[in-house]
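Reading through the structure tokens given below for one structure.
Counting starts at 1 for both ligands and their atoms, in listed order. For reference, positions follow the sequence shown, starting with 1.
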Amino acid sequence: MTFSAVQSEIRPVQWNGHACVLIDQTVLPGIYRTIEIRTSDQMATAIRTMIVRGAPAIGVAAAFGMVLGWQEAPQDDPITHLERVAATLRATRPTAVNLFWAIDRMLTVARREPSFARLEREATAILEGDIATCRAIGEHGLLALPAAPERLRLLTHCNAGALATAGYGTALGVVRSAHREGRLERVYADETRPRLQGARLTAWELVHERIPVTVLADTMAAHVIGRGLVDAVVVGADRIAANGDTANKIGTCGVAIIAKHYGVPFFVAAPWSTVDGNLPSGDQIPIEQRDSEEMRAIEGVALCPQDVEFYNPAFDVTPAPLITGIIVESGVYAPGELAAAGQAQLGR
Ligand SMILES: CSC[C@H]1O[C@H](OP(=O)(O)O)[C@H](O)[C@@H]1O
């Protein structure tokens, strides 16, 4: 099955009334396939193994994981079962705060209005709300980009695109909005080892929409930015602390340091649901440690000797002073303005 024959817009998570249909992101770009998720345990596995990945997409998937949990629950005590499902989903991946935000929101609704239809409506609202949020992020981000040159060269890291959200994307939402307005020359996409979300997923999205994209090895950012080939950097986020410190895919902090050194603006694009107002700074953000096998081989081809040790943190934290602006659905804020804006926006 080829993507172009399947759907015009990328929707990594869809609900068909009794199951969740996920784009399998572990086999892109070579294979486009979808997987039907019928149980909450299958959804937990899909999140843990990164069939579905990306902070907002993980939140949307977990929300439907809770709907599946209600569907499979014993009728005499569905809430107790749902709390167990919530615990299983929470244990899948620790960094993306959207996961916990979505689960908490679904549990609150279940306790207040316990019905399948109500939970299905809430998960659907989270999905549709995320698409609208990404479009708003795209528009605010477009206005925040440098006024010159007319056609911008943007660098991004990992995949913060439609595949990482319910659709349209956060960092790639800014890219799509800039492209639509004729303000985009090219995107430089870091391949982003070890899972290669940039080379496999960001490039796949942009090629399909005929947006010019150049894939870079992760070692190239300093050379490319240093030679003046990049006008701005736009990345996604998995958790943003109250002071603006931002957890994102491993390697993001290095790109931010390089951008700061060369005076290139560095933007983080994310929904408010990625902001964790309970964390005063990024020091407390849990960083997921993933299996060494992700680094040891690609497609079964060993990249180094068998008995070597690996260190495989999935994320790093970019300190707020390295960030020019944080683009959310209500506007663009300097890191130091985020907490106050969050109070106003979210009534915290
Ligand atoms: C739109 S946020 C996407 C964010 O999530 C990715 O992590 P992963 O692929 O491990 O789920 C990466 O940090 C992206 O920036």
Got a list of side-chain donor-acceptor pairs under 3.5 Å for residues 53-63, not counting sequence neighbours?
from  : atom 1 : to     : atom 2 : distance (Å)
Arg53 : NH1    : Gln25  : OE1    : 3.1
Arg53 : NH1    : Asn159 : OD1    : 2.7
Arg53 : NH2    : Asn159 : O      : 2.7

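Qualifying side-chain contact (heavy atoms from CB on, under 4.5 Å) partners for Glu36, counting only residues two or more places apart in sequence or in other chains: Asn16, His18, Ala19, Val21, Arg38. Here Phe64 pairs with Trp15 under the ring-ring contact (aromatic ring centres under 6.0 Å, His included) rule; sequence neighbours left out.
Each of Met50, Arg53, Gly54, Ala55, Pro56, Arg93, Cys158, Asn159, Ala160, Ala164, Thr165, Thr170, Gln197, Gly236, Ala237, Asp238, Asn248, Lys249, Phe315 has a non-hydrogen atom positioned under 4.0 Å from some atom of ligand 1.
Residues Val255 and Ile257 are members of separate hydrophobic clusters, defined by side-chain heavy-atom contacts under 4.5 angstrom among Ile, Leu, Val, Met, Phe, Trp and Tyr. Following chains of ILVMFWY side-chain contacts shorter than 4.5 Å, one cannot reach Tyr168 starting from Leu172, and the two form parts of different hydrophobic clusters.
Of the possible polar contacts, one joining the Asp316 side chain to the Cys253 backbone as a donor-acceptor pair under 3.5 Å is found.
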